[in-house]
Every structure is written in C-alpha cells, then in structure tokens.
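Predicted model only: the values in this text are computed from it and were never measured. Whatever order the structure lists ligands and atoms in, that order sets their numbers, starting from 1. Note that the numbering runs from 1 along the sequence shown for the chain.
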Amino acid sequence: MGSDHPPRKLHVIFFPFMADGHMIPTVDMAKLFSSRGAKSTILTTPLNAKFLQKPIDAFKNLNPGLEIDIMIFDFPCVQLGLPEGCENIDFFTGDNNADRQDHMTLKFFSSTRFFKDQLEKLLQTTRPDCLIADMFFPWATEAAEKFNVPRLVFHGVGYFSLCSIYCMRVHNPQNTVASSCEPFVIPDLPGNIVISKDQIADCDGESEMGKFMTEVRESEVKSSGVVVNSFYELEPDYADFYKSFVQKRSWHIGPLSVYSRGFEEKAGRGNKASIDEVECLKWLDSKKPGSVIYISFGSVASFKNEQLIEIAAGLEACGTSFIWVVRKSTGDEEEWLLEGFEERVKGKGMIIRGWAPQVLILDHQATGGFVTHCGWNSLLEGVAAGLPMVTWPVGAEQFYNEKLVTQVLRTGVSVGAKKHVRSTGDFISREKVDKAVREVLAGEEAEERRGRAKKLAKMAKAAVEEGGSSFNDLNSFIEEFSS
Ligand code: UDP
C-alpha cells in the first residue's frame, strides 16, 4: 500500500502427502494460488507426478500464462524398505490384513523423511516465499526454518474435526465412560456434540503412531500457521474456536474443489477414472433431476465382500437409481455380487469398479443424494453440490465429520456406523442401507434437508467469489507472505 511498485510475484511451494485425499486438494490449491497471480510449485514423486501432470496441463491450457509446475523428488522405495512402486498409500490400503496395513502405514510415514535433504536443497536454491507442506511431514518445519522460509501446515480436513480432536486431547472424556459405546458430549466444543469412544481413533501416545502424531503436533505449533480447506460460513463457531484456542494463525480458502470449473478439469481430478466420463454423464442425463443416489467411500476405504453384498441388497430393496463406486479389499477376491444383481438393476444402477469422476457426478442435476464415508474432500464436494447425504464414516477423522453433517448442518442421515474400523468400516446391514437412502431422498424431512443443503452450496460459491470469506482470507495470506 502506498508504494508505486507492482506487487512482487509470490512463490509458493506445495508438498502434499502421497495419498489422493491429500494430493487432489493440494493441486486445487496450487491452481488457486496461480490464478491469483502466484507462482506455484508442487513437489511429488515420479509415479505421482504422472497422475498430476494431466490435470496441471489441462489447467495451463485453459489459463495460458499462469505459473504452475511440478517438481519431482526421488523416492527410492526399495532402498527405503518399501515394495517397488509404493509411492502412494493406495498401494497398500486395499490390504485387508489390518496388522500388515498398520505396519506399512508407519513405514510409509517414516520413509518420507528421505525427502528432507532434497527439500532443504530446493529451499536453499529457490528461496520461495512460503512452503505449504502436509501435516504428515513434521520434519518440514525444521527444514524450512533453516532457510527462513515460513512453513504452513495443510491437514486436508476442516475446522470442526481439528477442534474436536483438540478438545478430546485436552479433556480425554473417553476415559470417563463406562463402556466404549456410551455416547458423551465433547467437552468445550461448541454445539454439544455427541460421540462415543468406539468412533474415534484412540491413538496410544506411547505407540509408534502416537509418537509420530506428537511430532506432527509439535511441528505444527512451531509452524507459521495452517491453511484450511473450508469456508467460514460452513463452520463459523469452529473456525472461531480454532483461531481462539488451537492455532491462531489460520487461513480458510475453500472449498477447493470448486476451483476446478470446466469438464476437463473436473474429469481430471485424480486422473484415473475407470469409466468414460462422457458415457457416465450421458447415463445421468437420462435420469430425472434429483433421482440418483451416488455411493462412494473415497480412495482408502475398501469393504469386504460381506459388506458389498449388503450394499447391493439394500440398493436393490430401495429401488432407486444409483451410481456405486466399488473399491475392493485385496485378498478378498471371490464373487461378491449377488447372483443376477447386475442384470436386475440394468439401466437403473451403474457400478464403477475403481475410480469415478466424482465431482462431475455430484454436480449433475440427476444426482439427488450422496452416500459418503465423510472424507473431508468428499464431504465438501457434496456440500458444494448442494446435496443431502447418507453419512457412513469408516475411519480417520470421519466420525467427527459425520457429526458436523448430522448434528450441526443437519443435511444428512446417519447410516448407523457405530465403530471406527480403519479401511473396512463397521458392518452395516442391508436394512439400514435401504432405510437411510430412502430417508435422504424422499419425504418432508428430506425436503427440509435438501433446502439446507442448497443454501450451503450457495454460501460455498459466494465464499470463493470476489469479496467472499475465502477470497478475502486468501488475499490476506497473499499480502502477508508477499511482503
Ligand atoms: N475421488 C474421486 N473418485 C473416486 C474416489 C475418490 O474423484 O472414485 C476423489 C474425491 O472426489 C475426493 C478424494 O478423491 O476429492 C477423496 O478424498 P476424501 O477426503 O473424500 O477421502 P479419502 O480418500 O481421503 O478417504
């Protein structure tokens, strides 16, 4: 202000953890910064770069002149004790052997420390204005500090779960209940939010994972702040609580998914659709507005056969049109489809085995509801599309996210998952699937829920437009780190 010099171009380095749920919003974030005049560099490994390159190229073609690039870091899996090609957690999250999966997860987390030297060299030579590095790279704060580069943390989740986790850590209410399924109110958290011990990831502080999470927290405290994929109007009480009690320096700049605007950009998210996107949209075009339920559990959860059979039976019983994305556990190969199921639902149901063009499906007018595992990206994408949801949390922080939808926003119906079970989830019967889908699609309460969901979608769009809350927070961020 007051200077005649044009503002200097901000250079931001983004370093996402190698999981789709972290890389997808980071690419959106890098695109957002570029479109606001910054130079964005995304760091990743060779195999992940292949998936990211196409959406980045699509963005550059649509926006010539904007600066966004990928830089590849070496990640020698075998040398690090990982299987060849294990550059993304999707390499092992489909494994239904829980112990093996836990072991691999820890090994994968600790292997990322190998990036530290490469990161330091890069920061030393390029001197960016800031580094937005994933929460799972706790060593990044120290690396950035060496070269006086501010390190920001990106968790990939919203304020509500960040605040919930904070209150749980401070008060430990789960230690005072008589049984693990007994509901209790999360102390101090606004809104009298009810949860049970079974629904949270209870991480023993002395375990390897517990120690790692302590390191994550400590690096966050020493960081220059947090960038949040959310918008103020979605969770104002929790944004305020977070800034008052948890991490004073935070900027909310989402929902990030809405920055992918054209067909190509939306289709390219994740860049591995197992179906022709145009065919998928044509199929949706043939359906009545609001009549299709979309069912997906993100990029990590993978159900066992017995659960898939229940979903199929529940969908068949409720008789609605559906698109169902199936990601199966490995080592569970026997036939899971009910006999004749695909024949009977022909024309009515579409099964996508693998990866779906999720945002295109959610944004289509034929889609009327979303059965979701409540991964934060999916949840926000559902919010931005104005959809009521059936909440079916599986693991991670998803049960907290469910409470936001069912207890605060009141735009969803819980399918009734009672237990946090990483990857495979709590078992849900066909009757519960049938009931929750019917409830979310039709009836007086469904209309009210839909009305609230549509209002939120409007707020989401307004938040990212000029003068909106996320637009303004991004402005503040750019101003602060450019100076
Ligand atoms: N996604 C997708 N197609 C799929 C499955 C997932 O495009 O078939 C995207 C989804 O739109 C979201 C991300 O992958 O952006 C998943 O992130 P989320 O936080 O919802 O769940 P996670 O995979 O981390 O459990």
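Paired with Ile195 under the rule side chain to side chain contact (heavy atoms under 4.5 Å, CB included), one option of Gln174, Lys403, Glu402 passes, and it is Lys403.
Between the side chains of Tyr238 and Ser230, not a single donor N or O lies within less than 3.5 Å of an accepting N or O. Of the N and O atoms on the side chains of His155 and Glu220, at least one donor lies less than 3.5 Å from an acceptor on the other residue. Side chain to side chain, Ser34 and Ser40 meet the donor-acceptor criterion of an N or O pair below 3.5 Å.
Around ligand 1 you find Gly21, Ile24, Arg269, Gly298, Ser299, Val300, Val325, Gly354, Trp355, Ala356, Gln358, His373, Gly375, Trp376, Asn377, Ser378, Glu381, each with a heavy-atom distance below 4.0 Å.
Judged as a ring-ring contact (aromatic ring centres under 6.0 Å, His included), the pairs with a partner in residues 361-380 (not counting sequence neighbours) are, in order, Tyr294-Phe370.
Crowding of Lys432 atom NZ: a count of heavy atoms from other residues, nucleotides or ligands under 6.0 Å exceeding 12.
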